[in-house]
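First the structure, in the form of structure tokens, and then the observations on it.
Both ligands and their constituent atoms are indexed starting at 1 by order of listing.
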Amino acid sequence: MDKILIKGGKPLKGDVAVSGAKNAALPVLAATLLGPGEHRISNIPKLMDVATIKRLLNHLGAVISDHGPDGWTVRVPDLSRCEAPYELVKTMRASVLVLGPLAARFGEARVSLPGGCAIGARPINLHLMGLEKMGAEIKIEHGYVSVKAKRLKGARIYLDMPSVTGTENLMMAATLAEGVTVIENAAREPEVADLAQFLIQCGAKITGAGTDAITIDGVESLNGSAAHRIMPDRIEAGTYLAAAAITGGDILVRGCNPRHLDAVALKLREIGVEIREEPEGLRATARDRVRAVDIKTLPYPGFPTDMQAQIMALMTLSNGLSVITETVFENRFSHVAELRRMGADIQIESRNAIIKGVRRLSGAPVMASDLRASASLVLAGLAAEGETEISRVYHLDRGYEGIERKFSNLGGEITRIGQTS
Ligand code: UD1
């Protein structure tokens, strides 16, 4: 397994281009299962999770070829199997996104249950409740969920949590249902709107994606071929803004959509980081030691849970007491123990992390435990005195394209070392 070595303490300066969003690429690729069209999808990030969904689509019968440096041509003429096996689903929970498209187009799907994961129980009850409302028959046996439906029927579906992949799964399924579906309390994440744009090009009739009420007027089939560019990754962008702040640097994040980063920019400004909108993207300039602040993670447009670990790394060096409250996932503080090993002063009380700012962090061997936790350790390592060695970096490779290259270009001393075991 690879490790990442960081010699911290240097202010990062320069500009960095943001990649396509993992969380937009995964649902768009799953959506290609809905019809026989030939789609050209570009700005696909080179990530482990994207490689996993490619394997899954190939397994199901998709024909995929490269198109340009970051694009694929994808076609699903027919289905070879309707099953997403455990080996693929266990490494990536988002594999569940094939459930809705398979059930809608082929009338059946069998997907391994994702089970628990490092950041909480993460059930899929809302995905299943919605499909059931559309008339699907659902069975759970032998660790798999099976969905059968002759043709799904439009329904009014209220989500008691605005689940992101839940909204996406149901929106995809509803495109081929008979009649109108309304998803209420839908997730408003920009990735949902990005998926809707793709689906509309394929022939779907969708309004309201990006708001909390999405209306889908089902069609008989989706025969269109789409040319779609995946939206920029707002979490990757936010991570680089935080990197400028934590190292006392100055970074222009090129190609991000500033509107998607409003909640993150607001907090960074509140703690004294200068955030400027420039024609090419967002620039973060750190002036002094950051001020303490309280943050609560919320569904979009609130502060993203996927930025919680990174902002916590930053707050460990603030000038006072900060409270970070995680309201989206019940168990997403695995980075805390590792940050403490680097000298951070953090106490956990239920869903709150109470962070007393310290003057400096010191490099240490630490272990990555999930994707965003790993990013927070990289940020802490870049700011810390001395050397930090991060193991289990495969978590990072799930969601950050070329992270050590991008940080090296900004002046960070960061290298990857390969390991045999
Ligand atoms: C997506 C993102 C992930 C992000 C998360 C929250 C993708 C591929 N992943 O994950 O990066 O951290 O949104 O912004 O887009 N819940 C239920 N029942 C369900 C589904 C969810 O109770 O059927 C709960 C979850 O346990 C969690 C909350 O809803 O507490 C939000 O989860 P959800 O929005 O579904 O997260 P994902 O879509 O898995």
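- Evaluated by nearest non-hydrogen atom to atom 34 (O) of ligand 1, the leading choice among L97, V164, L195 is V164.
- Around atom OH of Y86, no more than 12 heavy atoms belonging to other residues, nucleotides or ligands sit under 6.0 Å away.
- Between T165, I235, L128, it is T165 that holds the heavy atom closest to atom 38 (O) of ligand 1.
- Residue-level proximity to ligand 1 for N125 is carried by backbone and side chain together, each with a heavy atom below 4.0 angstrom.
- Per-residue contacts place V328 under 4.0 angstrom from the following atoms of ligand 1 (heavy atoms of the residue considered): 27 (C), 28 (C), 30 (O), 31 (C).
- For the residue pair E83/H59, the side-chain donor-acceptor check at 3.5 Å is not satisfied.
- In this structure, the side chain of E184 does not engage the main chain of L159 through any donor-acceptor pair within 3.5 Å.
- Ion pairing between K139 and E141 fails under the 4.0 Å rule for side-chain N and carboxylate O.
- Of the N or O atoms in M161, none lie within a sub-3.5 Å distance of an N or O in ligand 1.
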message: Working note: Y240 + F407, criterion ring-ring contact (aromatic ring centres under 6.0 Å, His included); need CA distance, chi angles, decisive distance, verdict.
response: CA-CA 9 Å; Y240 286 105; F407 275 128; 4.8 Å; yes
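- Listed by number with element, the atoms of ligand 1 under 4.0 angstrom from any heavy atom of S163 are 20 (C), 21 (C), 33 (P), 34 (O), 35 (O).
- Residue A94 has no nitrogen or oxygen atom sitting less than 3.5 Å from a nitrogen or oxygen atom of ligand 1, judged on distance alone.
- With M307, R93, E189 as candidates, the residue nearest to atom 39 (O) of ligand 1 on a non-hydrogen basis is R93.
- By the 6.0 Å and 45° rule, R110 stacks over the aromatic ring of Y144.
- Nearest to atom 20 (C) of ligand 1 by heavy atom, out of P123, P162, G166, G302, is P123.
- When heavy-atom distances to ligand 1 are checked against a 4.0 Å cut-off, R332 comes that close only through its side chain, counted from C-beta outward.
- With T175 contributing its side chain and G218 its backbone, the two residues share no donor-acceptor pair below 3.5 Å.
- Summarising the local packing, NZ of K356 is surrounded by 12 or fewer heavy atoms from other residues, nucleotides or ligands at distances under 6.0 Å.
- Between the side chain of N169 and the main chain of G100, a donor-acceptor pair closer than 3.5 Å is present.
- Against a heavy-atom cut-off of under 4.0 Å, H127 is close to the following atoms of ligand 1: 23 (O).
- Among the atoms of N23, some N or O lies under 3.5 angstrom from an N or O of ligand 1.
- With a 4.0 Å cut-off on non-hydrogen atoms, T305 touches ligand 1 through its side chain and not its backbone.
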